[in-house]
Engineer: 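Okay, here's the structure, questions in a sec.
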Amino acid sequence: MLHARCCLNQKGTILGLDLHNCSLKDPGPNFPQAHTAVIIDLQANPLKDDLASTFHGFIQLQILVLPQDVNCPGGINAWNTVTSYRDNQICQGQKNLCNSTGNPEMCPENGSCAPNGPGLLQCVCADGFHGYKCMRQGSFPLLMFFGILGSTTLCISLLLWRTQRRKAKAS
């Protein structure tokens, strides 16, 4: 189903996005809402060259059409095929870097690699693990963290209130 410059499925999820010749220098702050797109056309736009972080989370993207002078996000190693034409460049078939890095220790022992867009990956902690390098077992100690934070804040507030009150009485 077509809606303006978007191709949507029956649920309203964006599958394709035609931003051809929209005078975009940058896709904009709302662009991540199109993370479900499979096809995006950005040709004939004065885009800045570094688009790597722009496509963070676009794991379903398979065809990306860019202006000739803009590199495919993630570089040529993040795509199966990069084809250059006179006025555009087509990046096709996003590769899963988790399978192609050749480094099985990319993620820690208690985590697993997951794609996160062209040229991007993320390490996801296994169930029951959290924190830096997924080294902590169990859940985050919310009660203890907020209990200590709250009691410290209360003590400092009371101390400051008391010292200010003494100064007010002295004046």
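Quick caveat: nothing in here was measured; it's all calculated off a predicted structure.
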Engineer: Assess whether atom CG of Leu149 is packed by more than 12 heavy atoms of other residues, nucleotides or ligands within 6.0 Å.
Structural biologist: yes

Engineer: Just by distance, do the side chain of Trp79 and the backbone of Pro73 share a donor-acceptor pair under 3.5 Å?
Structural biologist: yes

Engineer: With side chains defined as the heavy atoms from C-beta onward, is the minimum distance between Asp87 and Gln68 less than 4.5 Å?
Structural biologist: no

Engineer: Give a yes or no answer on whether the side chain of Asn9 reaches the backbone of Thr13 with a donor-acceptor pair at less than 3.5 Å.
Structural biologist: yes

Engineer: Check whether any side-chain N or O of Asn110 sits under 3.5 Å from a backbone N or O of Cys134 as a donor-acceptor pair, and report yes or no.
Structural biologist: yes

Engineer: For Asp41, what residues pass the side-chain hydrogen bond (donor to acceptor under 3.5 Å, both in side chains) criterion, not counting sequence neighbours?
Structural biologist: Gln43

Engineer: Does Val70 share a hydrophobic cluster with Leu120, counting links as ILVMFWY side-chain heavy atoms below 4.5 Å and allowing steps through other members?
Structural biologist: no

Engineer: Could you tell me whether a side-chain N or O of Thr152 sits under 3.5 Å from a main-chain N or O of Ile148, the two making a donor and an acceptor?
Structural biologist: yes

Engineer: Indicate, with yes or no, if Tyr85 and Leu42 share a hydrophobic cluster defined by side-chain heavy-atom contacts under 4.5 Å among Ile, Leu, Val, Met, Phe, Trp and Tyr.
Structural biologist: no

Engineer: Counting distance only, does the side-chain N/O of Thr36 pair as donor-acceptor with the main-chain N or O of Ile14 below 3.5 Å?
Structural biologist: yes

Engineer: Report yes or no: does Gln89 contribute a side-chain atom to a donor-acceptor pair with the main-chain N or O of Asp69 at less than 3.5 Å?
Structural biologist: no

Engineer: So, using ring pair (Phe, Tyr, Trp, His ring centres under 6.0 Å) as the criterion, who are the partners of Tyr132 when residues are at least two apart?
Structural biologist: none

Engineer: Under the disulfide bond (SG atoms under 2.5 Å apart) rule, what pairs show up with a residue in residues 135-166, not counting sequence neighbours?
Structural biologist: none

Engineer: Quick check: does any side chain N or O of Asn88 sit under 3.5 Å from a backbone N or O of Pro67, one acting as donor and the other as acceptor?
Structural biologist: no

Engineer: With hydrophobic residues grouped by side-chain heavy-atom distances under 4.5 Å, do Leu51 and Ile76 end up in a single group?
Structural biologist: yes

Engineer: Going by side-chain hydrogen bond (donor to acceptor under 3.5 Å, both in side chains), name the residues that satisfy it together with Asn116, two or more places apart in sequence or in a different chain.
Structural biologist: His56

Engineer: Locate the shortest heavy-atom distance separating Thr54 from Pro27; write the atom from each residue and the value.
Structural biologist: CG2-CG, 3.5 Å

Engineer: At their closest point, which heavy atom of Lys95 faces which heavy atom of Asn80, and how far apart are they?
Structural biologist: CG-OD1, 3.2 Å

Engineer: Between His130 (side chain) and Cys125 (backbone), is there a donor-acceptor pair under 3.5 Å?
Structural biologist: no

Engineer: Give the intermediate values and the outcome of disulfide bond (SG atoms under 2.5 Å apart) for residues Cys98 and Cys113.
Structural biologist: CA-CA 6 Å; Cys98 294; Cys113 183; 1.9 Å; yes

Engineer: Should Ile39 and Ile59 be regarded as members of a common hydrophobic cluster, given that ILVMFWY residues are connected when their side-chain heavy atoms come within less than 4.5 Å of each other, either directly or indirectly?
Structural biologist: no

Engineer: Using side-chain hydrogen bond (donor to acceptor under 3.5 Å, both in side chains) as the criterion, list what pairs up with His20, not counting sequence neighbours.
Structural biologist: none

Engineer: Do the side chain of Arg5 and the main chain of Asp18 share a donor and acceptor less than 3.5 angstrom apart?
Structural biologist: yes

Engineer: Counting distance only, does the side-chain N/O of Gln94 pair as donor-acceptor with the main-chain N or O of Leu61 below 3.5 Å?
Structural biologist: yes

Engineer: Could you check if a side-chain atom of Ser112 sits within less than 4.5 angstrom of a side-chain atom of Cys123, using non-hydrogen atoms only?
Structural biologist: no

Engineer: With hydrophobic residues grouped by side-chain heavy-atom distances under 4.5 Å, do Leu64 and Val82 end up in a single group?
Structural biologist: yes

Engineer: Who pairs with Phe31 by ring pair (Phe, Tyr, Trp, His ring centres under 6.0 Å), at least two apart in sequence or on another chain?
Structural biologist: Phe55, Phe58

